[in-house]
Amino acid sequence: MNGTKTRKIAAVYVDVAAEGTDKLFDYEVPDDLVGEVRIGSRVQVSFGSRKRMGYVAGFPESTTAPRLKPILGLMDLVPPLTPELVRLSEWVARTWLCPVIHVLHAMVPAVLKGRYQRVLSIPPDGETSVLLSEGESHLFSLLREKGELLQEEALALPGVTRPLLRRLVEEGRLSVEERVGDGITSRRRTWIGPAMDAEVLREAAEELPSQAFRQREVLNFFLKHPEDILLSHLLAALGISRSTVDRLTEKGLLRREEREEYRDPYVDRSFNRSRPLPLTSEQQQAFDAILVPLRQRKDHAILLQGVTGSGKTEVYLQAISETLEMGRQAIVLVPEISLTPQMVERFKGRFGSQVAVLHSGLSGGERFDEWRRIQSGEATVAIGARSAVFAPFTDIGLIIIDEEHEGSYKQEETPRYHAREVARRRCADHGAVLVMGTATPSVETYFRARTGGYQWVTLTERVHGRPFPQIEVVDMREELRAGNRSIFSRPLSDGLTACVNRGEQAVLLLNRRGYSTFVMCRECGGTVECPRCDISLTYHRTNGTLRCHYCGHAEGVPKSCPTCGSIHIRYFGTGTQRVEEELAKRLPGLRVIRMDVDTTNRKGAHEKLLTAFGEGKADVLLGTQMIAKGLDFPRVTLVGVIAADTMLHLPDYRAAERTFQLLTQVSGRAGRHEMAGKVVVQAYTPEHYSIRMAAAYEGEPFYREECRTRKRHRYPPFCGMFKVLMSHPDRGALMQAAHQTARSITPLLPSGTELLGPVPAPIPRIKDRYRIQIMIKYDNHIDEESEWVDALRRLRTGHTDPNLRVSVDREGF
DNA sequence: AGCACGCCGACT
DNA sequence: GTCGGCGTGCTC
């Protein structure tokens with residue numbers, strides 16, 4: 001430490017994501033920023049020869065750095081992150097093996113990510129009459145024309161290279177400015193109001209020269225409506241120009257004010273104010289279970305396992321209400337918020353503008369506004385998809401994860417993280433209660449509840465005591481034997497007819513994953529595959545093309561088999577379009593709403609289709625998984641699952657769990673209100689325990705069986721797993737890299753930790769890139785600082801082949 | 001990630 | 001001899 005004068009040092013995560021930069025760099029805090037710069041502040045710093053933004057993570061007493069550069073500037077008045085979130089980002093980075101700066105970026109709205117520009121211009125005293133190379137003449141003529149140029153634009157010119165630019169700068173013939181900024185579109189709008197009281201205004205209006213009738217008009221307007229008005233509205237209302245208003249503000253009669261505008265995406269909608277509903281005794285018990293640790297401010301986790309229709313949401317609402325009364329804040333995580341408008345409405349209805357909603361459908365500005373309402377303390381409840389777990393609250397009392405088992409809580413790109421695990425961590429930091437609600441917990445969560453890690457509370461009754469629908473499993477092999485070659489079994493077909501004749505609605509679920517319409521040759525059995533991915537092309541009737549699900553490749557349908565030339569090729573499998581056609585054939589005049597990737601591409605399309613169905617504008621809702629989520633349509637009395645076992649045979653240890661969850665969830669959609677429901681599940685392997693037990697409402701036996709299976713094959717929750725996925729356009733290079741990786745890691749592994757592979761990934765090629773994976777299974781808790789974990793951490797960037805891509809996934813803990 | 005430094009081949 | 005290729009190493 002410098003003994004002569006005390007320096008204030010800030011440790012900064014600089015916005016450069018690389019292996020060597022994923023650490024803290026110390027900077028000197030200039031005198032005028034001492035006290036302003038805080039943990040979580042965004043600052044501008046010089047880094048090497050560049051200027052970048054960074055996040056302040058701490059203020060060390062001393063430094064080992066050979067020299068300290070000063071912090072160049074503070075980017076926000078209020079730090080975008082709290083100290084707790086900075087510590088959390090370090091934990092997430094350590095746990096999911098990624099650079100801290102990636103996590104920090106994921107915690108704030110995208111508009112706060114740094115934007116960097118390097119701008120070139122001609123200095124005022126720059127010489128011009130020098131011999132010019134080709135690049136120089138291009139550069140200078142363009143610069144004279146435009147005044148300034150981005151460095152990347154300059155480098156695109158012929159003959160312009162980095163060394164040339166450097167030389168020009170050294171010679172003083174070119175100047176470079178680094179600009180660091182962010183994409184905040186601060187929507188400040190001008191408001192106008194009276195600056196004097198009515199008496200004064202009236203006098204002033206009379207004293208105005210007679211020709212100033214516009215000004216008089218404005219004053220009269222404010223005499224009638226003394227409240228503030230948006231400048232733009234005032235101008236439009238009176239048909240005047242801004243200068244008139246300016247005159248009056250200059251005279252001090254009117255007052256103008258720049259106000260931050262919050263763009264409330266829900267502003268045009270009315271929400272029905274809702275009151276707390278009386279709780280059933282089961283709900284009351286669940287509520288009490290939350291209340292005890294909440295009041296004690298104790299870090300506590302509860303699995304709230306409640307059947308569909310058991311009224312979990314009301315329990316959430318009342319627990320949140322209690323949290324807010326304690327002066328604390330609450331986060332509600334939902335799987336995909338655009339699919340749960342009903343849920344959002346209930347929260348807004350109960351808590352009004354205290355609710356901030358964060359979802360992917362918002363524009364960057366809207367998202368920023370909602371986030372800032374959380375940050376400023378204006379909002380005390382945050383509801384949103386997984387990233388809402390990072391809501392910048394300072395005193396969290398309660399975090400709710402609805403539909404805890406949903407896969408969307410896991411982020412599949414860097415920074416990879418699981419919102420449930422992050423929520424657990426935040427609850428520990430805040431002394432908060434975590435409530436995980438679901439009818440069908442993930443096997444991991446079930447196991448933790450079972451073994452005492454979580455408190456386990458169940459809701460077994462439906463709120464209005466309605467019976468569960470009867471589930472009929474149909475063996476499609478027998479249907480075939482009986483001569484029924486249709487997509488629809490006789491029970492489903494009959495049920496559908498009866499349901500529609502009664503004027504009721506039906507939901508048909510087609511589990512498209514791994515099962516869609518493809519083209520197959522009847523002579524040689526060959527299918528038409530994507531030229532760039534190892535996967536069959538899917539037939540799209542709308543435009544008569546074959547399309548690749550993974551890369552978007554599209555081609556026409558061949559008239560003959562590309563392999564053997566036979567003309568006997570035909571479509572196989574079942575897509576939603578095909579089901580729709582078959583429905584039209586079978587029940588003419590039937591009104592069908594189809595929900596799949598084709599019909600829900602556009603923003604807000606989901607909501608529109610669901611609303612239309614809810615309003616009874618169709619008899620049948622036909623769709624993929626997305627329709628199984630928490631929707632509540634009172635007139636649905638029949639649910640049909642076209643093929644329950646399509647995902648059962650995927651190479652994924654979660655296949656059985658997913659099947660069970662889907663069938664249970666979708667069954668809950670039938671007969672939720674006055675009418676009794678019925679569920680028909682079609683399957684080719686109805687004897688599989690996931691289908692059998694879902695149909696029999698045997699949840700507990702299913703989880704026990706699944707745990708036994710997982711234990712036997714060593715899968716989570718009986719081990720933790722890292723999955724290394726490597727991809728490369730060259731198969732040979734990939735094989736070599738993968739084997740090299742396996743060879744280098746294997747000797748580092750402690751006993752009890754095993755490396756499996758390398759083996760081809762479930763989809764061995766996507767977009768002309770071959771894919772190979774390595775799995776590492778370990779027991780218990782691991783030391784994140786150990787050599788082998790560090791080696792995994794380095795895998796992503798620690799190679800020199802630009803064509804090689806590596807991702808490291810972690811699950812199971 | 002960039003960008004400097006540094007050591008090698010192909011031109012003026 | 002100089003320009004410019006990309007390997008290596010550093011950025012408080």
Side-chain angles (χ1 to χ4, degrees), chain A residues 1-2 5-30 33-34 37 39 41-74 86 90 93 97-106 113-120 131-136 139 150-171 174 176-180 413-415 793-807:
Chain A
M1 165 129 185
N2 187 333
K5 96 177 174 202
T6 18
R7 296 187 295 186
K8 182 111 185 202
I9 304 164
V12 175
Y13 286 112
V14 181
D15 183 18
V16 177
E19 202 213 310
T21 54
D22 184 27
K23 56 180 184 139
L24 288 165
F25 288 86
D26 294 338
Y27 286 85
E28 183 170 358
V29 183
L33 289 182
V34 172
V37 173
I39 292 178
S41 287
R42 284 191 313 157
V43 292
Q44 286 182 19
V45 292
S46 152
F47 192 68
S49 61
R50 295 171 295 164
K51 196 164 147 190
R52 309 241 88 185
M53 62 155 254
Y55 283 91
V56 174
F59 298 103
E61 287 297 315
S62 62
T63 178
T64 52
R67 69 193 176 118
L68 286 189
K69 286 183 177 178
I71 283 176
L72 300 176
L74 180 64
V86 174
E90 293 166 328
L97 316 187
C98 77
V100 176
I101 192 71
H102 277 156
V103 188
L104 291 167
H105 277 147
K113 279 174 199 164
R115 291 245 196 106
Y116 305 99
Q117 290 186 326
R118 186 164 278 204
V119 184
L120 309 178
L131 260 182
L132 297 179
S133 70
E134 190 208 3
E136 288 169 71
L139 177 64
L150 294 181
Q151 177 176 280
E152 55 182 310
E153 293 173 326
L155 287 172
L157 297 171
V160 178
T161 59
R162 282 173 197 280
L164 171 70
L165 293 179
R166 194 189 339 142
R167 210 186 65 228
L168 292 171
V169 171
E170 277 163 13
E171 291 168 0
L174 191 66
V176 181
E177 191 201 342
E178 295 255 12
R179 290 186 193 156
V180 179
E413 314 91 53
T414 36
R793 191 171 284 129
R794 279 195 305 269
L795 279 184
R796 219 158 37 81
T797 49
H799 56 80
T800 47
D801 186 343
N803 286 318
L804 180 66
R805 266 181 238 154
V806 184
S807 75

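Residue numbers begin at 1 in each chain, while the letters A, B, ... track the order of the sequences. Computed over heavy atoms, backbone and side chain alike; hydrogens, waters and symmetry mates excluded.
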Is it the case that more than 12 heavy atoms not belonging to A:Arg805 sit under 6.0 Å from its CZ atom? no

Check: A:Asp15 side chain, A:Ile101 main-chain N or O, donor-acceptor pair, under 3.5 Å: no

Give me the one residue out of A:Ile9, A:Leu74, A:Val37, A:Val43 that meets side-chain contact (heavy atoms from CB on, under 4.5 Å) with A:Val29. A:Val37

Gap between atoms CD and C1', on A:Glu28 and C:dT11 respectively (whole Å): 18 Å

Shortest side-chain distance from A:Phe25, nucleotide among C:dC12, B:dA1, B:dG2: C:dC12

Roughly how many Å is it from NZ in A:Lys23 to C1' in C:dT11, rounded to a whole number? 8 Å

Whole-Å distance between B:dA1 P and A:Glu19 CD? 10 Å

Looking at every strand, decide which applies to A:Thr21 at a 4.0 Å heavy-atom threshold: base, sugar-phosphate, or nothing. base

Mind checking if A:Phe47 touches a base, just sugar-phosphate, or nothing, with heavy atoms under 4.0 Å? base

Look only at the side chain of A:Thr21 and the backbone of A:Val16, and say whether a donor-acceptor pair between them is shorter than 3.5 Å. yes

A:Asp15 has an atom CG; how far is it from atom P of C:dT11, in whole Å? 18 Å

When the distance from NZ of A:Lys69 to P of C:dC12 is rounded to whole Å, what number comes out? 4 Å

Across the strands shown, which category fits A:Thr64 at heavy-atom distances under 4.0 angstrom: base, sugar-phosphate, nothing? nothing

For a quick check of understanding: with a heavy-atom distance under 4.0 Å over all strands, which category does A:Arg67 fall into, base, sugar-phosphate or nothing? sugar-phosphate

Would you say B:dC3 has OP1 or OP2 under 4.0 Å from some side-chain N or O of A:Arg118? yes

Spell out, as yes or no, whether a donor-acceptor pair under 3.5 Å connects the side chain of A:Tyr27 to the backbone of A:Ser46. yes

Check the distance between C:dC12's P and A:Leu68's CG and give it to me in whole angstrom. 10 Å

Whole Å only: how far is the CD1 atom of A:Ile101 from the C1' atom of B:dA1? 12 Å

Applying a 4.0 Å non-hydrogen cut-off, can you work out what A:Lys51 is touching in the nucleic acid: base, sugar-phosphate, or nothing? nothing

Against the side chain of A:Asp26, the closest entry in B:dC3, B:dG2, C:dC12 is C:dC12

Measure the distance from CZ on A:Arg796 to C1' on B:dA1 and round it to the nearest whole Å. 12 Å

